[in-house]
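What follows is a short report on a single structure.
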Amino acid sequence: MKEYDHKKIEKKWQAIWEKKRTYQAKDFSKKPKYFSLIEFPYPSGDGLHVGHPRPYIGMDIISRKKRMEGFNVLYPIGWDAFGLPTENYAIKTGQDPRVVTKKNSNTFRRQIKSLGISFDWSREINTTDPKYYKWTQWIFLQFLKKGLAYKAKIAINWCPKDKIGLANEEVIGGYCERCGTPVEKREQEQWMLAITKYADRLDKDLDKVDYLPQIKLAQRNWIGRSEGAEIEFKIVSPIPGIGENVKVFTTRPDTIFGATYLVLAPEHELVQKFKAQISNWNEVLQYIAANRNRTDIERTAENKTKTGVELKGIKAINSATGEEIPIWIADYVLPHYGTGAIMAVPAHDERDFEFAKKYNLEIKQVIMPDNLDDRNPPHPDKKNTNRNVVHIILRDPKKKTVLVMFLKGEKWKGNNPINFIIGGIEEGEKELETAIREIKEETGYSNVKFVKKIPFETQARFFAAHKDVNRTVHVHTLVFDLVSPEKVEIIEDEYFTKDSHEFKWIPYEQVEDIVNIPDDKASWKYFLNDGYAFTGEGILINSGKFDGMDSEKTKKEIIKFVGGKEKTTFKLRDWVFSRQRYWGEPIPVVFCPACAKASAGKENAGWIPVPEKDLPVELPKVKNYQPTDSGKSPLANIAKWVNIKCPKCQGKAKRETDTMPNWAGSSWYYLRYTDPKNKKYFADKKNLKYWTPVDWYNGGNEHTTLHLLYSRFWHKFLFDLKLVPTTEPYKKRTSHGMILGEGGVKMSKSLGNVINPDEIVKTYGADTLRIYEMFMGPFSQSVAWSTESIIGARRFLERAWNLQTKVSKTAFDTTLNKTIKKVTEDIKEMKFNTAISTLMIFINEVGKSDSISQDAYEKFLKLLSPFAPHIAEEIWFNLGHKDSIHLSSWPKWDENLIKDEEIKIAVQINGKVRAEIMIQVDDNEEIIKQKTLANEAVLRYLAGRDAKKIIYVKNRLINIVL
RNA sequence: GCCCGAGUGGCGGAACUGGUAUACGCGCACGACUUAAAAUCGUGUCCUGUAAGGGAUGUGGGUUCGAUUCCCACCUCGGGCACCA
């Protein structure tokens, strides 16, 4: 037998597979189809690093297994090649990005091919190929036709020195990434895609797909559905002027009685409308200006303190109470979310609370928490009673202690309440009177001083054991200071005796831990922190006819009461689809001034689509790739290209010089794979029908909100045009973890810790690299690279290779069948690391014997083949086969052969393992108990004691409790 | 600040649905083969203790006969998002 020579073997089989088209997907087949997809790479100038292939290998294993299970598998690849890095390289070196892209993708292709991944290379696509981007442009025209593409003024990041718009990624801490100049905001006309029109469906249809739960959650958070109401508030002014209403959006209409002021975004149109009525207009203007010029640096430096200015001279009317409330502008209210205006409810919203504290605005509680005391919950069969009560925080200000009451007695069943001084408010009595009376009667202290009432009331429900009734109480908390310690005599009654209570002075810092009823915990916290916003649901107070009702259940009624309407809003914003850059798909429209005049006032007036027959609008060659001084794409400099006849009126017109973002080409690429060479359609309907949806899409976590959402949006749009057969593009989505550099830091050129797979392939072979990358850790998590550890993967393959000298009889039935089962199931769940360790265990087992039967060896090779395709194929042919192992059938296991007859189980005493015994599988409990109690070690531990309890877990362990 | 993920030997990691923690691999130590080295093969390898035993899954509590796994609080690391009414 020859030595294992990975260099020879791997090159040889790669050539043969390519020649025989082993991995080509066939359009239409009797076999069931399977479409597996990875995110196609961006061919950067740095070439491949070892992190790139991890997902490709993972999905390769899935795809290869699916092929062996009889599926017609489509596993394609291409290049997502438009975008910034190549363009910046072009600007720096003056090289044509087309040339650079070609060079880079050639390198990538060579490197990926050297790994033996079963891509169908005959379907390779490239987003920068005019034959491809013709269809990207075509889809854009469909958006335009349906009114989902529109122009809008949008603030962009602008570097005043480079005179260039910057991507968020190029802004580092508020400064331009390349020249360090502070970045400014600048308004620019941009093409937008109305993804928000699909927000609802993008959210709801997540129910239909099989994505990892974190991925669904991330998408849902990004879309940010929120149910609430739009409510109008009237604006009034002593100076007669325009009568206006302002619409606010709120998710908490139930708190409207507590709306003590109104806040508009500084950009809100009504601010300008009331210019004449606003008496501090200069101050307002200053605030607006400061806010507009504020760059990201200043915002971060500002440390989140909220700022704002009152619009003096105008007021709003709270639609629920009819009271006049002040109006403010503040930048914590965003112009593009909801209606750009809010009703502020400081008692029940954290931001409003912070703002109200800072500017001394009224804070009015309208919801109190409904505290169910779960230590002493109401009894279902006891009488319910209602009471108003005062709780008294009696402080000794000199000693910094508080008087706390410990209830004693058997009736509480160990759940004795520990609380402040409590007293029921009698008919006709004031809170303050009750408090003073109770202090005197219960504690004897007669010289106390009222400090304040805590403006936070609560409701409590509990079983009052001392009176044998259920109570629902409305709690008012008052604070008193002890002036001097003299006492009068305590008044005892039926319930209040010296034996039923004990009072202790407790230091401030211990109060929170000692007091054990929720109301006192809450009011103490409120007292200590000088208030906080209670944002939960509860019982309405100070809310007119709604008092006493449940806040959650009353929302709809309150909306009706104030004449508002229910409304759902989303965080998701429309997609800015223009870039003033060279290296992207030209947006296929022209601007015609004559047509603009004719259709003035209409949306997109003057913007005429390029006729579909004239697509693609090819990207012309330019001399200079730098954007123009005015911030336009370098395309604007090519008069010959820009000036064109209007396709509609034949008048003088100019081409749009904006290009598309690089998310465009990747929003539909998976569709092109089904029919990559079609000249008439982006893909034939028959092909789409057969191949879509993608059965399994694996990609990076960083793409879960942008790319994944954008492509779902495009797909749904195409579905609405009846151009694709499914509502969702991807049935299943998983994600992989990054490969980090040695020591767990990110691999990057600047750190000099990038590992090039070429080196590894040369030294150890592609199969070794594949095994190592799949073995190093769980596929979904980041793992640090370790060149030192690769050798283990190589040794494993060599052992598998060396078995060729041992082929004869030994069958390894049990081990083999266990291995088949485990590997089959692990691959399905992407547990590649444990699948490989199972294969290693098998090899170790066989290594102990002199021989292995050909049948067992072949089954093992089949299991190995998705992971290490070259070596498996080579041995397979050495064993006499004439057809590829990769087209053979996946082995099945026999459940009967897996079962052991005799097994070892653990014997625990009080939960600790003290011995092991051998049993026959499925022995009954009696036999096992006998065996256990006969065991020497067990007897030693029992030392004559009897077992209180014996727990037997079938075929696993027996636990004796003493 | 909010959301998500993670924390287990010297290192990467394993552990089904709550049931013998540390599989598999790296490294290390010893042994065999060799003139020698490398490679290979074999044995050992959580900590502590002579042993019996005791202690370990980020920390502290809880539930349970039994917790890496479930609950509560906290700490650390990684990723994402920035005031979303």
Side-chain angles (χ1 to χ4, degrees), chain A residues 213-215 217-218 220-222 224-226 228-229 248-252 255 259 263 265 296 299-300 302 304-306 330-334 336-345 348-352 354-355 569-573 700-702 704-705 735 737-738 740 742-746 771-772 775-778 780-793 795-796 798-799 802 825 831 833-841 843-844 847-848 904-916 940 947-962:
Chain A
Q214 315 90 280
I215 298 179
L217 190 70
R220 289 219 154 97
N221 288 344
W222 190 266
R225 169 191 225 96
S226 116
V248 304
F249 175 71
T250 176
T251 54
R252 292 296 301 272
T255 64
V263 189
D296 289 0
R299 285 210 172 175
T300 34
E302 213 188 13
K304 289 200 258 194
T305 326
K306 293 181 180 13
D331 65 351
Y332 81 92
V333 173
L334 304 174
H336 39 63
Y337 184 75
T339 58
I342 62 157
M343 61 178 211
V345 185
H348 304 291
D349 180 280
E350 274 162 27
R351 282 159 320 196
D352 297 345
E354 198 190 314
F355 193 81
T569 50
F570 298 91
K571 275 192 222 171
L572 187 71
R573 299 182 204 162
N701 274 320
E702 69 276 21
T704 44
T705 44
S735 51
M738 264 193 299
L740 306 169
E742 305 224 17
V745 285
K746 239 185 190 164
I771 294 275
Y772 175 63
F775 181 65
M776 57 199 298
S780 61
Q781 267 166 250
S782 311
V783 225
W785 179 265
S786 160
T787 302
E788 195 182 59
S789 299
I790 296 175
I791 190 68
R795 282 183 194 144
F796 161 64
E798 278 173 7
R799 281 176 206 156
N802 292 336
E825 290 174 352
K831 289 157 101 180
N833 53 337
T834 50
I836 291 170
S837 84
T838 308
L839 292 171
M840 286 173 168
I841 291 168
I843 284 289
N844 291 347
K848 288 179 198 154
K904 199 168 68 181
I905 65 161
V907 180
Q908 294 185 338
I909 292 168
N910 287 336
K912 293 207 166 190
V913 181
R914 297 299 185 185
E916 283 170 345
R940 191 151 31 93
K948 261 191 209 143
K949 198 168 158 191
I950 295 180
I951 293 149
Y952 174 59
V953 183
K954 202 176 169 194
N955 296 338
R956 283 197 187 270
L957 59 72
I958 179 161
N959 186 12
I960 301 171
V961 185
L962 292 175

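Reminder, nothing fancy here: chain letters follow the sequence lines and each chain counts from 1. Since the model is a prediction, treat every value here as computed from it, not as a measurement.
- Between A:R252 atom CZ and A:M343 atom CE the span is 9.0 Å, to the nearest 0.5 Å.
- No side-chain heavy atom of A:Q908 sits less than 4.5 Å from a side-chain heavy atom of A:R914.
- Below the 3.5 angstrom threshold, one finds no donor paired with an acceptor across the side chain of A:K949 and the base of B:C65.
- Looking at heavy-atom distances under 4.0 Å, A:Q908 makes contact with a base.
- Nucleotides B:U63 and B:G44 are separated by 41 Å at their P atoms, to the nearest Å.
- To the nearest angstrom, P of B:C84 lies 8 Å from CG of A:D349.
- A straight line from CG of A:N701 to P of B:G80 spans 10 Å, rounded to a whole angstrom.
- A straight line from NZ of A:K831 to P of B:G12 spans 21 Å, rounded to a whole angstrom.
- Within the 4.0 angstrom heavy-atom criterion, only backbone atoms of the sugar-phosphate kind lie near A:N833; the bases stay farther away.
- Among the atoms of the strands shown, base atoms are found under 4.0 Å from some heavy atom of A:L957.
- Comparing A:F249 and A:Q214 along RNA chain B, the residue whose closest nucleotide (by nearest heavy atom) sits nearer the 5' end is A:Q214.
- Within 4.0 Å of A:T834, counting heavy atoms only, lie sugar-phosphate atoms of the nucleic acid but no base atom.
- Atoms CD (A:E702) and C1' (B:G80) sit 11 Å apart, rounded to a whole Å.
- In this pair, A:F355 and A:Y332 present their aromatic rings tilted. The plane angle is within the 30 to 60° band.
- A:S226 comes within contact range of the sugar-phosphate backbone alone, with a heavy-atom separation under 4.0 Å but no base atom that close.
- Going from the P atom of B:U35 to that of B:G12 covers 41 Å, rounded to whole Å.
- In this structure, CD1 of A:I950 is placed 15 Å from P of B:C65, rounded to the nearest angstrom.
- Among the heavy atoms of the strands lying under 4.0 Å from A:V333 is at least one base atom, whether or not backbone atoms are also near.
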Pair assignment for RNA chain B - dot-bracket with | for other-strand partners, Watson-Crick or G-U under 3.5 Å: (((((((..(((......[....)))((((((.......))))))(((....)))..(((((..]....))))))))))))....
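- Atom-to-atom, CZ of A:R573 to C1' of B:C83 comes out at 12 Å; the value is rounded to the nearest Å.
- Across all strands shown, A:L217 has heavy atoms under 4.0 Å from sugar-phosphate atoms exclusively, and none from any base.
- Dashed line: the shortest gap from a side-chain N or O of A:K912 to OP1 or OP2 of B:G55 is under 4.0 Å.
- Between the side chain of A:N802 and the main chain of A:E798, a donor-acceptor pair closer than 3.5 Å is present.
- Here, B:G9 and B:A14 have their C1' atoms 13 Å apart, quoted to the whole Å.
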B/S/- contact track for nucleotides 38-45 of chain B, protein heavy atom under 4.0 Å: --SS----
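- Where A:A784 and A:V913 each meet RNA chain B at their nearest nucleotide, the meeting point lying more 5' is that of A:A784.
- Side chain of A:Y337 to main chain of A:R573: no donor-acceptor pair is present (N/O by atom type, distance under 3.5 Å, no hydrogens or angles).
- Under the 3.5 Å distance criterion, the side-chain polar atoms of A:N959 are matched with a main-chain donor or acceptor of A:G911.
- For A:E350 and B:A85, the CD to C1' distance is 12 Å, given to the nearest whole Å.
- Side chains of A:H348 and A:T255 form a contact here, defined as non-hydrogen atoms less than 4.5 Å apart.
- If you measure from atom CD1 of A:I958 to atom C1' of B:G19, you get 13 Å, rounded to the nearest angstrom.
- Here A:S789 lies in heavy-atom contact (under 4.0 Å) with sugar-phosphate atoms only.
- Nucleotides B:G49 and B:C4 are separated by 44 Å at their P atoms, to the nearest Å.
- For the P atom pair drawn from B:G61 and B:G55, the interatomic distance equals 15 Å after rounding to whole Å.
- Among the atoms of the strands shown, none is found under 4.0 Å from any heavy atom of A:R225.
- Classified by its glycosidic torsion, B:G10 falls in the anti category, the angle being over 90° from 0.
- If you take atom P in B:U20 and the same atom in B:U57, they sit 16 Å apart, rounded to whole Å.
- Here the OG atom belonging to A:S786 is positioned 12.5 Å from the CG atom belonging to A:L740, to the nearest 0.5 angstrom.
- Nucleotides B:G10 and B:C71 have their P atoms positioned 29 Å apart, rounded to a whole Å.
- Atoms CG and CD1, from A:N910 and A:I960 in turn, are 9.0 Å apart once rounded to the nearest 0.5 Å.
- You'll find that the side chain of A:P778 is closest to B:G13, out of B:C83, B:G13, B:G12.
- Taking the P atoms as reference points, B:G7 lies 13 Å from B:U59, given to the whole Å.
- Residue A:V953 is classed as a base contact, given a heavy-atom separation below 4.0 Å to a base.
- Contacts classified as salt bridge (charged side-chain N to carboxylate O under 4.0 Å, His left out) and involving residues 784-793 of chain A (residues at least two apart or in different chains) are not found.
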